[in-house]
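Heads up: the structure comes next, in structure tokens.
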Amino acid sequence: MAENLVIVESPAKAKTIEKFLGKDFIVKSSFGHIRDLSPKDLSVDVDHDFKPQYEIPSDKKKTVAELKKLAKKAKTVWLATDEDREGEAISWHLAEALGLSDEKTKRIVFHEITKSAILDAVENPRGIDYHLVDAQQARRVLDRLVGFELSPVLWKKVKPALSAGRVQSVAVRLIVEREEEIKNFKPESSYKVTAVFEIKKDGGTSNVEAELQNRFKTKKEAVAFLQKCISAQYTIESVEKKPAKKSPAPPFTTSTLQQEASRKLGFSVSKTMVIAQQLYESGKITYMRTDSVNLSNLAIGMAKKVIAGTYGEDYVKTRKYKTKSKSAQEAHEAIRPTYLDNQTISGDSSQQRLYELIWKRTIASQMSDAQLEKTTIKIGVSTAGEKFIARGEVIKFDGFLKVYMESTDDEDSSESTKGLLPPVKVGEKLNAKEIYAIQRFTQSPPRYTEASLVKKLEELGIGRPSTYAPTISTIQKRGYVEKADKKGTERKYDFISLSDGKIKEEVKKEKTGYEKAKLFPTDIGTIVNNFLVQYFDKVLDYNFTAGVEKEFDEIAEGKKAWNEMIKEFYKPFHDNVEETLEKSKKQSGERLLGQDPETGKNVFAKIGRYGPIVQIGESNDEEKPKFAGLKKGRSIEDVTLEEALDMFKLPRTIGKYEDEDMVVAIGRFGPYVRHAGKFYALGKTDDPITVTPERAIEIIEAKRKADKEKTIKEFKEDPSLKILNGRYGAYISKDKKNYRIPKNKDPKELTLEECLEIIEKAPKKTNTGGKRRKK
DNA sequence: CAGTGAGCGAGCTTCCGCTTGACTT
């Protein structure tokens with residue numbers, strides 16, 4: 001029997017470490033935290049030093065019981081959780097929950113999973129750092145108090161089931177405020193002038209584009225300049241050559257991996273994490289939730305060998321990266337391939353592409369700089385003071401660029417840097433083939449993508465590698481934010497050209513403002529945010545987290561008691577909650593659209609119990625007000641009176657089919673046709689106000705066909721029971737309940753008796769474990 | 001999920017961070 005029990009956080013890590021430690025050690029995992037505050041109530045005693053009441057969540061009971069059993073048998077228990085605030089707390093909770101005595105417990109840490117690092121850790125055990133544990137308790141309790149006191153304020157003042165928290169509310173704020181900036185943005189235009197010069201080389205001529213140093217504010221100025229150019233001579237005034245270099249980006253952290261996978265592969269943040277998890281579990285990459293850019297010496301050595309072997313010694317440059325972010329806790333290595341000599345792996349295409357990205361980034365980070373030569377040619381105009389500038393860039397030595405180049409978020413960088421420029425001399429006269437002025441517009445700041453939001457949150461020190469993806473899904477699930485594409489609009493611009501001594505003025509058209517998979521605030525998101533910013537500015541402050549992190553550090557250093565820190569925060573915060581509940585009004589975001597021409601009653605747009613609605617009349621009128629849900633894509637902000645009045649034309653009976661009425665309306669899940677007691681969703685392009693009976697019949701028939709294809713088997717004896725084909729394969733449906741079919745049965749061959757037997761044996765739904773489902 | 005919305009009132013919702021399966025329709 002093993003004398004030593006080692007406990008780590010992740011099972012994949014446990015497997016690897018067990019190999020290094022030999023047969024005297026058994027290595028198990030805690031699967032993260034094993035105790036937490038109850039999800040049902042506050043579980044913090046605000047009247048008695050904020051004492052937390054911890055419990056073992058139901059899905060962790062089995063793990064804890066097993067660890068307890070093994071711990072009892074072991075002589076020594078090694079707590080090897082991560083060396084950060086959360087990891088230290090996990091060790092402490094383990095010690096408490098498993099009832100470990102100080103004598104038989106040793107705390108060890110390592111930052112990389114290599115044999116030497118682990119053996120070294122075993123040689124240098126310590127005790128649990130209670131100051132660090134306290135810093136975690138402060139973090140946990142603060143988040144609970146903020147979340148569980150702010151959310152109920154929203155239930156009362158805005159809408160039930162909403163949520164607020166230290167991280168998610170700031171994420172929503174960023175998106176709402178960016179939208180505001182975009183709305184208030186007034187584009188300004190200027191005229192950019194470009195000349196195409198002919199340069200004579202031995203034998204032929206080549207064209208070089210040069211841009212005028214300054215832009216013109218008005219069309220008039222631009223035209224005036226071009227007029228001066230008609231009779232101008234162009235002379236090269238200077239040629240400047242400068243060496244430059246580019247350095248590779250550091251290895252991936254969770255946040256930079258999410259950004260690059262989004263830019264280069266088009267992955268959503270959650271997709272990146274799912275794929276990375278698969279690569280980690282199959283041993284292909286190191287841990288994927290990390291804020292460290294550090295590589296182990298082992299990895300650096302491997303990289304050096306691979307680079308020298310593949311590209312040559314000249315391409316090797318060993319680099320140690322330091323994390324810039326202050327909030328980083330660096331419990332792990334950077335994300336890198338486990339074996340750098342594997343440039344590719346087996347797996348599905350997403351896995352291969354993500355792996356390749358990680359491989360390239362890691363290898364490039366250990367390669368030499370790229371050496372460039374930048375050339376700037378200045379060209380004078382005899383009839384004007386302005387100068388044209390031509391820029392060129394040549395790569396003298398490619399270095400890391402051979403493998404990898406980081407992408408940027410800039411959508412259209414108007415840098416007009418060309419490759420190699422032809423050799424020219426100062427004093428040389430040039431011929432201008434064409435000169436044109438083009439009207440350019442300033443751009444509003446871009447809307448956030450999932451990945452650029454993660455980047456921003458990381459910069460603000462808000463959230464952790466393990467929470468970036470869940471936070472983004474939370475704010476979408478709550479309906480604060482939507483991921484959507486935005487259609488571009490057509491814009492006219494001036495184009496004035498000079499060639500053959502003639503000036504031509506044109507107005508051209510371009511598409512602008514097209515955006516893909518960007519984050520837009522919803523009406524609810526905007527209303528909730530404005531409310532929170534107004535009444536809870538302290539918690540919503542972009543620097544709130546940075547401030548409390550500083551205090552957590554003081555607690556970790558033993559300079560401050562954790563419940564003192566919480567007390568100082570809680571008193572004013574709680575008073576503010578009480579005062580807001582008392583004084584603030586219900587936030588409905590109500591906007592008066594106008595009057596109904598038929599009745600003269602007011603028409604409003606506002607937030608209803610289930611989302612944005614339009615309303616005719618007021619609740620103190622004699623007649624009840626009427627309501628209608630807003631169409632998808634429309635908001636309180638931009639819905640018009642005409643649109644609102646249209647919606648009251650619903651429900652609309654549009655005709656008969658098979659002797660039954662077809663009624664069109666908008667419901668909870670969008671526009672639909674109701675026919676013979678059944679609902680059929682309208683298509684994306686169908687408008688419920690104008691949809692024809694012919695189209696409605698088409699929709700009904702299409703749905704019937706789809707349902708038929710979904711049905712694998714029906715039974716005449718019992719029409720309530722059906723075997724259907726769903727997202728997860730075949731299943732049995734009866735009385736609106738679904739049952740899984742045992743794997744060894746062929747769904748097509750099942751008899752009614754067998755089906756009823758499966759239903760009989762199906763485990764009764766219990767609501768005790770884990771999350772409860774809404775009714 | 002099921003096609004509402006006022007008002008009445010009971011009973012519900014909610015946080016962040018650490019980690020994977022168990023389970024779904």
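Keep in mind the model is a prediction, meaning the values are calculated, not measured. Here is how names work: the chains are called A, B, and so on, in the same order as the sequence lines, proteins then strands, and each is numbered from 1.
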- For A/Tyr280, answer base if it contacts any base atom (sugar-phosphate contacts may also be present), sugar-phosphate if it contacts only those atoms, and nothing otherwise; contact means non-hydrogen atoms under 4.0 Å. sugar-phosphate
- Query: Under 4.0 angstrom, heavy atoms only, what part of the nucleic acid is A/Tyr468 near: base, sugar-phosphate, or nothing?
  - Reply: nothing
- Message: Quick test of your reading of the model: are A/Lys601 and A/Asp596 salt-bridged, counting only N-O distances below 4.0 Å?
- Response: no
- Please work out if A/Arg35 contacts a base, only the sugar-phosphate, or nothing of the nucleic acid, heavy-atom cut-off 4.0 Å. nothing
- Under 4.0 angstrom, heavy atoms only, what part of the nucleic acid is A/Arg140 near: base, sugar-phosphate, or nothing? base
- Of all the nucleotides listed (B/dT20, B/dC16, B/dA6), which has the minimum atom distance to the side chain of A/Gln168? B/dC16
- Task: Please determine if a side-chain N or O atom of A/Arg478 lies less than 4.0 Å away from the OP1 or OP2 oxygen of B/dT14.
- Result: yes
- Message: What is the distance, to the nearest angstrom, from the NZ atom on A/Lys13 to the P atom on B/dC18?
- Response: 12 Å
- Item | A/Ser151 side-chain proximity, nearest of B/dG3, B/dC15, B/dC16 | B/dC15
- Atom pair distance, as rounded to whole Å: OH in A/Tyr54 and P in B/dC16: 17 Å
- Who pairs with A/Arg478 by side-chain contact (heavy atoms from CB on, under 4.5 Å), at least two apart in sequence or on another chain? A/Ser163, A/Thr474, A/Tyr480
- Query: Any side-chain N or O of A/Ser466 under 4.0 Å from OP1/OP2 of B/dC18?
  - Reply: yes
- Charged N-O contact under 4.0 Å between A/Glu149 and A/Arg144: no
- Task: Indicate, with a heavy-atom threshold strictly under 4.0 Å, whether A/Pro470 touches base, sugar-phosphate, or nothing.
- Result: nothing
- Message: Is the distance from the ring center of A/Tyr680 to that of A/Tyr672 below 6.0 Å?
- Response: no
- Task: Identify, with sequence neighbours excluded, every residue that meets salt bridge (Lys or Arg N to Asp or Glu O under 4.0 Å) alongside A/Glu18.
- Result: none
- Item | For atom CG of A/Asp36 and atom P of B/dT14, their distance in whole Å | 15 Å
- Message: At 4.0 Å (heavy atoms only), tell me whether A/Leu142 reaches a base, stays on the sugar-phosphate, or touches nothing.
- Response: nothing
- side chain to side chain donor-acceptor pair (under 3.5 Å): which pairs involve residues 603-615 of chain A, sequence neighbours left out? A/Lys606-A/Gln615
- Contacts of type side-chain contact (heavy atoms from CB on, under 4.5 Å), residue A/Thr254, not counting sequence neighbours: A/Gln258, A/Met273, A/Arg289, A/Thr290, A/Ile335, A/Pro465, A/Tyr468
- Considering just the side-chain nitrogens and oxygens of A/Arg166, establish if one lies under 4.0 Å of OP1 or OP2 belonging to B/dG17. yes
- Message: Once you measure the plane-to-plane angle for A/His332 and A/Tyr287, does it fall in the parallel (<30°), tilted (30-60°) or perpendicular (>60°) bin?
- Response: tilted
- How is A/Gly629 classified with respect to the nucleic acid when contacts are heavy atoms under 4.0 Å: base, sugar-phosphate, or nothing? base
- Task: For DNA chain B, find the residues of residues 604-616 of chain A with a heavy-atom distance under 4.0 Å and give them by number; none if there aren't any.
- Result: A/Tyr610, A/Gly611, A/Ile613
- Query: Is A/Arg144 touching bases, backbone alone, or none of the nucleic acid, heavy atoms closer than 4.0 Å?
  - Reply: base
- Task: Indicate, with a heavy-atom threshold strictly under 4.0 Å, whether A/Thr467 touches base, sugar-phosphate, or nothing.
- Result: base
- Task: Using atom OH of A/Tyr287 as one end and atom P of B/dG17 as the other, report the distance to the nearest whole Å.
- Result: 14 Å
- Note on the structure: Walking DNA chain B from its 5' end, the first of A/Lys60 and A/Leu42 to be reached, judged by nearest nucleotide, is A/Leu42
- Query: Quick one: does A/Lys60's side chain have a donor or acceptor within less than 3.5 Å of a partner on A/Asp36's backbone?
  - Reply: no
- Task: Return no unless some side-chain N or O of A/Arg464 is found under 4.0 Å from OP1 or OP2 of B/dT19.
- Result: no
- Message: Treating A/Thr522 as the side-chain partner and A/Gly525 as the backbone partner, does any N or O pair qualify as donor plus acceptor under 3.5 Å?
- Response: yes
- Would you kindly give the CG-to-P distance between A/Leu162 and B/dC12, to the nearest whole Å? 18 Å
- Look only at the side chain of A/Arg652 and the backbone of A/Val664, and say whether a donor-acceptor pair between them is shorter than 3.5 Å. no
- Message: So A/Ala164, base contact, sugar-phosphate only, or nothing? Heavy-atom distance under 4.0 Å.
- Response: sugar-phosphate
- Message: Strictly below 4.0 Å: does A/Arg289 bring a side-chain N or O up to OP1 or OP2 of B/dT19?
- Response: yes
- Query: For A/Val167, which contact category applies under a 4.0 Å heavy-atom criterion: base, sugar-phosphate, or nothing?
  - Reply: sugar-phosphate
- Message: Expected output check: what is the dot-bracket annotation of DNA chain B, where ( ) and [ ] are pairs inside the strand (brackets for crossing ones), | is paired with another strand, and pairs are Watson-Crick or G-U under 3.5 Å?
- Response: .........................
- Task: Grab the CD1-P distance between A/Ile90 and B/dC16 for me, whole Å please.
- Result: 18 Å
- Query: Are any of A/Gln277's side-chain N or O atoms less than 4.0 Å away from OP1 or OP2 of B/dT20?
  - Reply: yes
- According to a strict under-4.0 Å criterion, is A/Ser30 in side-chain N/O contact with OP1 or OP2 of B/dT19? no
- Message: Tell me the interatomic distance from A/Leu94, atom CG, to B/dC18, atom P, rounded to whole angstroms.
- Response: 15 Å
- Query: For the side chain of A/Phe148, counting heavy atoms from C-beta on, which of B/dC16, B/dG3, B/dT14 is nearest?
  - Reply: B/dT14
- Message: Rounding to an integer number of Å, can you tell me how far A/Lys477 NZ sits from B/dT14 C1'?
- Response: 12 Å
- For A/Ser163, report the nucleic acid contact type (base, sugar-phosphate, nothing); a contact means any heavy atom under 4.0 Å. sugar-phosphate
- Is_stacked (A/Tyr672, B/dG3) at 5.5 Å, 30 deg: no
- Any donor-acceptor pair under 3.5 Å linking the side chain of A/Thr467 with the backbone of A/Arg464? yes
- Aromatic ring of A/Phe627 stacked on base six-ring of B/dT4, 5.5 Å, 30°: no
- Using the P atom on both, measure B/dT24 against B/dG3 and round to a whole Å. 24 Å
